[in-house]
Amino acid sequence: MNADTPTLEVQNLQTHFFTKAGVVKAVNDVSFTVKKGEVLGLVGESGSGKSVTGFSILGLIDLPGRIVGGSIKYNGRDMTNLPEREWRDLRGKKIAMIFQDPMMTLNPVLRVDTQMIEAITAHDSSVSKDEARQRCRDALGQVGIPSPDERLKSYPHQFSGGMRQRVAIAIALLNKPDLIIADEPTTALDVTIQAQILFEAQKLAQETGTALIWITHDLTVVAGLADRICVMYAGKIVEQGEINEVLDNPLHPYTQGLIGSVPSRNKRGSALYQIPGMTPSLIKLPSGCAFRERCSQAIEKCRETPEVIRPSEGRAVRCCRVSQDGVSL
Ligand code: ADP
Ligand code: MG
């Protein structure tokens with residue numbers, strides 16, 4: 001593996017659900033890469049396909065869903081058709097997921113130390129109990145949990161919601177994964193705790209080289225945390241790039257709308273801007289640009305499917321109104 005090989009390369013990923021009502025094109029031609037130590041924010045309204053993207057990367061798509069196209073490469077290795085047994089080895093060890101609900105990770109009837117030690121020894125039986133316990137202490141410390149020794153003896157219900165999520169995050173860190181996918185893990189927490197967890201996550205990425213994908217519907221969450229941002233709409237990434245470039249100069253009208261609806265950017269007291277309309281059904285997507293009907297800048301050309309424009313290195317946008325050099329018509 002070349003040192004420049006990205007930790008994750010997703011190319012033209014398509015994940016569809018074959019339901020009685022029709023084919024749900026939840027992820028429809030998604031491409032992005034995440035480098036070592038990089039934090040990628042994946043942002044979009046509810047139902048835009050963020051979670052399905054995360055689950056696809058972890059090999060967790062079940063029927064009626066299926067990856068129908070594209071490829072997922074992890075450290076240069078194609079994982080698209082990896083057998084489930086090999087997935088199990090990777091998940092939790094090399095690739096970890098943090099879910100919105102920490103109880104997706106935690107077992108309510110087991111003490112925290114039992115679960116954490118198991119998470120280590122399941123992937124490496126040569127680790128001694130003492131060594132494993134020390135790693136658990138370190139991981140709890142890393143997410144800001146005081147008196148780890150005492151906390152290790154507790155059951156999940158003895159923690160507050162915020163602390164429980166920190167324990168779930170600590171479990172994700174235990175095996176020093178190369179890639180962590182965090183799916184709205186802080187949405188239920190108060191703002192101060194959110195900020196603290198985000199800060200810890202960013203620090204971790206910088207210190208250990210772990211690549212991090214932070215999924216959220218809230219642009220403000222990733223604004224101060226991510227290196228890069230992917231904006232997702234109706235199963236596609238409509239804009240991506242380095243975070244400050246995108247925030248300072250959003251090219252896609254949807255990104256512009258998201259930024260415009262962030263409270264701090266509006267004058268206090270005035271009504272908050274909201275993008276009009278609703279996300280289209282992913283079963284019956286309109287032809288052409290899927291955002292067309294909600295877009296105040298739409299023109300006749302938007303009835304055609306927009307191609308991906310790459311105005312500069314690492315920047316991509318899907319909008320008919322954007323020219324090759326990144327200028328809006
Ligand atoms: P987000 O995380 O951005 O809110 P999701 O990735 O969860 O959105 O969902 C994207 C689309 O995929 C939604 O329209 C959702 O209804 C659909 N979807 C997700 N899981 C399934 C499933 N198991 N069966 C059918 N449709 C699904
Ligand atoms: Mg989701």
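We're numbering straight along the sequence, starting at 1. Any value given below was found using the heavy atoms of this structure, including those in side chains, with hydrogens, waters and symmetry copies removed. Both counts, for ligands and for their atoms, begin at 1 and track the order of listing.
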Please check if the side chain of Arg164 supplies one atom and the backbone of Pro156 the other of a donor-acceptor pair under 3.5 Å.
-> yes

Test side-chain hydrogen bond (donor to acceptor under 3.5 Å, both in side chains) applied to Asp138 and Gln134, step by step = CA-CA 6 Å; Asp138 294 345; Gln134 187 53 47; 3.0 Å; yes

Sub-4.0 Å heavy-atom contact, Ser46 with ligand 1 = yes

Closest to atom 7 (O) of ligand 1 among protein heavy atoms sits Ser51 CB, 3.6 Å

Would you mind checking which non-hydrogen protein atom is closest to atom 12 (O) of ligand 1, with the distance to 0.1 Å?
-> Ala26 CB, 3.3 Å

Looking at Thr33 and Pro6, what are the two nearest heavy atoms and their distance?
-> CB-CB, 4.3 Å

Heavy-atom distance to atom 27 (C) of ligand 1: which of Phe17, Phe55, Tyr233, Phe18 wins?
-> Phe17

So, is Thr53 polar-close to ligand 1, with some N/O to N/O distance under 3.5 Å?
-> no

Would you please classify the geometry between the Phe291 ring and the His252 ring as parallel, tilted or perpendicular, with 30° and 60° separating the classes?
-> tilted

Pull out every atom of ligand 1 sitting under 4.0 Å from any heavy atom of Leu282, numbered as shown with elements.
-> 11 (C), 14 (O)

Kindly indicate, with the supporting measurements, whether the criterion side chain to side chain contact (heavy atoms under 4.5 Å, CB included) is fulfilled by Leu90 and Leu82.
-> CA-CA 10 Å; Leu90 282 176; Leu82 213 62; 3.6 Å; yes

4.0 Å protein heavy-atom contact status of atom 15 (C) of ligand 1, strictly under = no

Shortest protein heavy-atom distance from atom 17 (C) of ligand 1, along with the residue and atom involved | Val24 CG1, 3.9 Å

Among protein heavy atoms, which lies nearest atom 1 (P) of ligand 1, and at what distance?
-> Gly47 N, 3.4 Å

Under 4.0 Å between heavy atoms, the region of Thr19 that gets near ligand 1 turns out to be side chain

At under 4.0 Å between heavy atoms, what of Glu45 touches ligand 1? The answer is backbone

Could you tell me whether a side-chain N or O of Arg166 sits under 3.5 Å from a main-chain N or O of Val143, the two making a donor and an acceptor?
-> yes

May I ask you to identify, for Val52, whether its side chain, its backbone, both or neither come under 4.0 Å of ligand 1 on a heavy-atom basis?
-> both

Answer yes or no: does atom CD of Glu86 have more than 12 heavy-atom neighbours from other residues, nucleotides or ligands under 6.0 Å?
-> yes

Within 45° of the six-membered ring axis of Tyr254 and under 6.0 Å from that ring's centre, is NZ or CZ of Arg294 located there?
-> no

Examine all N, O or S atoms of Ser51, backbone included, and report whether one is under 2.8 Å from the Mg ion (ligand 2).
-> yes

Non-hydrogen atoms of Arg135 and Leu174 that approach each other most closely = NH2-O, 3.3 Å

